[in-house]
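Accompanying notes for the structure given below.
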Amino acid sequence: MTATGPTRSAPHRVALGTWPSPLEPAPRLAVALGLGKEDLWFKRDDLVGLGGGGNKTRKLEFIVAAALAAGADTLVTVGAPQSNHARLTAAAGARFGLDVVLVFPGHPGGTRSGNITLDALFGARVHWAGKVAREQLDEIARDIANQLRKDGAHPAVIPLGGSSPVGAQGYVRAGEELSSQLPGAHTSVVALGSGGTMAGLVAALGSEHVLGIDTGAIAEPANVVSSLATDTSGRTITAEGLYIRTDQVGEGYAHLTEATADAIELTARTEGVVLDPTYTGRAMAGLIAAVRDGMILRGQTTVFWHTGGLPGLFGHPQALQRFESTLRQYP
Ligand SMILES: *Cc1c(COP(=O)(O)O)cnc(C)c1O
């Protein structure tokens with residue numbers, strides 16, 4: 001047989017999480033937002049087992065499988081110092097006995113809490129890249145991989161947030177999982193960071209059923225999601241057909257906005273569920289705005305994807321100060 005170009009054989013995955021992730025009703029929050037009691041559900045991808053939980057687990061099941069198939073013994077990835085993706089890459093490395101090198105901007109000693117603590121616990125090594133732009137991190141990661149190769153290692157480089165067509169397969173599978181748990185769900189609401197999560201959900205569920213809330217992590221989120229969704233699904237998925245709200249970015253990525261702080265507080269006080277200041281809190285603020293302006297309607301089933309990020313709350317001084325200041329006293 002001769003090769004005739006790329007084939008879409010069944011992608012391989014390793015098991016890193018416990019599936020399906022729970023799907024829970026959120027009736028008190030639904031009513032607080034003016035929705036019907038049974039209109040709002042949480043898809044708990046924060047509760048999937050590996051290393052503190054979160055959406056990167058599903059992506060890493062496919063990414064680590066590809067890396068192992070290619071003979072890798074080391075994972076190299078990039079991100080912000082509070083990256084949940086970096087933390088879960090470190091945990092996945094520990095699970096499979098792989099070395100992990102994380103490439104972060106900044107200098108040692110800047111941050112010690114939240115995800116950094118967990119990176120240390122999982123035994124990852126950090127390369128502090130100094131004062132560099134996000135776009136330079138990929139190049140630095142490639143240089144590090146070359147050096148590791150010279151030293152006899154077999155590194156696999158994972159892009160920001162694990163958002164490659166391989167990683168996005170994890171969220172195609174997640175969309176299918178939701179369809180079997182809750183057939184007929186109208187809208188999935190999800191935080192949009194590096195784009196792979198939304199892209200996979202769009203590939204599985206269709207553009208009209210996914211609302212992405214941009215977190216300000218990347219430039220041109222619509223183009224990134226459309227190209228990832230197209231590569232992942234093998235169909236053309238246009239940027240114009242996507243539903244993306246960009247009104248929750250505020251002063252920028254990882255900055256706690258008032259709307260996000262309110263959304264985190266409301267979710268905690270109605271459902272006992274904790275959201276984070278960078279991703280899920282913003283996504284909930286976007287969901288609330290979408291209810292307010294009629295994009296999400298009473299009587300339709302809305303699924304909020306809880307993509308994790310709890311350690312990030314404990315690594316976010318602004319959020320800690322804000323919430324600690326609301327501690328009520330008795331009497
Ligand atoms: C990375 C991340 C997201 C965004 O997912 P992307 O695939 O990068 O868009 C959402 N929530 C949390 C908690 C994350 O860590």
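When a ligand or atom number is given, it counts from 1 through the structure's own listing order.
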Exercise. From Leu33 CG over to Leu266 CG, what is the distance, rounded to the nearest 0.5 angstrom?
Worked result: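 Going from the CG atom of Leu33 to the CG atom of Leu266 covers 6.0 Å.
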Exercise. Atom OG in Ser163, atom NE2 in His85: separation rounded to 0.5 Å?
Worked result: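 Reported to 0.5 Å precision, the distance equals 8.0 Å.
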Exercise. Can you name the residues that form a side-chain hydrogen bond (donor to acceptor under 3.5 Å, both in side chains) with Asp214, not counting sequence neighbours?
Worked result: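 Result, side-chain hydrogen bond (donor to acceptor under 3.5 Å, both in side chains) vs Asp214: none returned.
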For this session: Validate the cation-pi geometry between Arg173 and Phe62: distance from NZ or CZ to the six-membered ring centre under 6.0 Å, angle to the ring axis within 45°.
Result: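 Not flagged: Arg173 not positioned over aromatic ring of Phe62.
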Problem set entry | Cation-pi check, Arg87 onto Phe122 ring (under 6.0 Å, within 45° of axis) |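 The answer is no, since Arg87 fails at least one limit relative to Phe122.
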Problem set entry | Check: Leu137 and Leu160 side chains under 4.5 Å, non-hydrogen atoms |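 They are not in side-chain contact.
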Exercise. Name the residues with a heavy atom less than 4.0 Å from ligand 1?
Worked result: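 Within 4.0 Å of ligand 1, the protein residues are Asn55, Lys56, Lys59, Asn84, Ser163, Ala191, Leu192, Gly193, Ser194, Gly195, Gly196, Thr197, Tyr279, Thr307, Gly308, Gly309.
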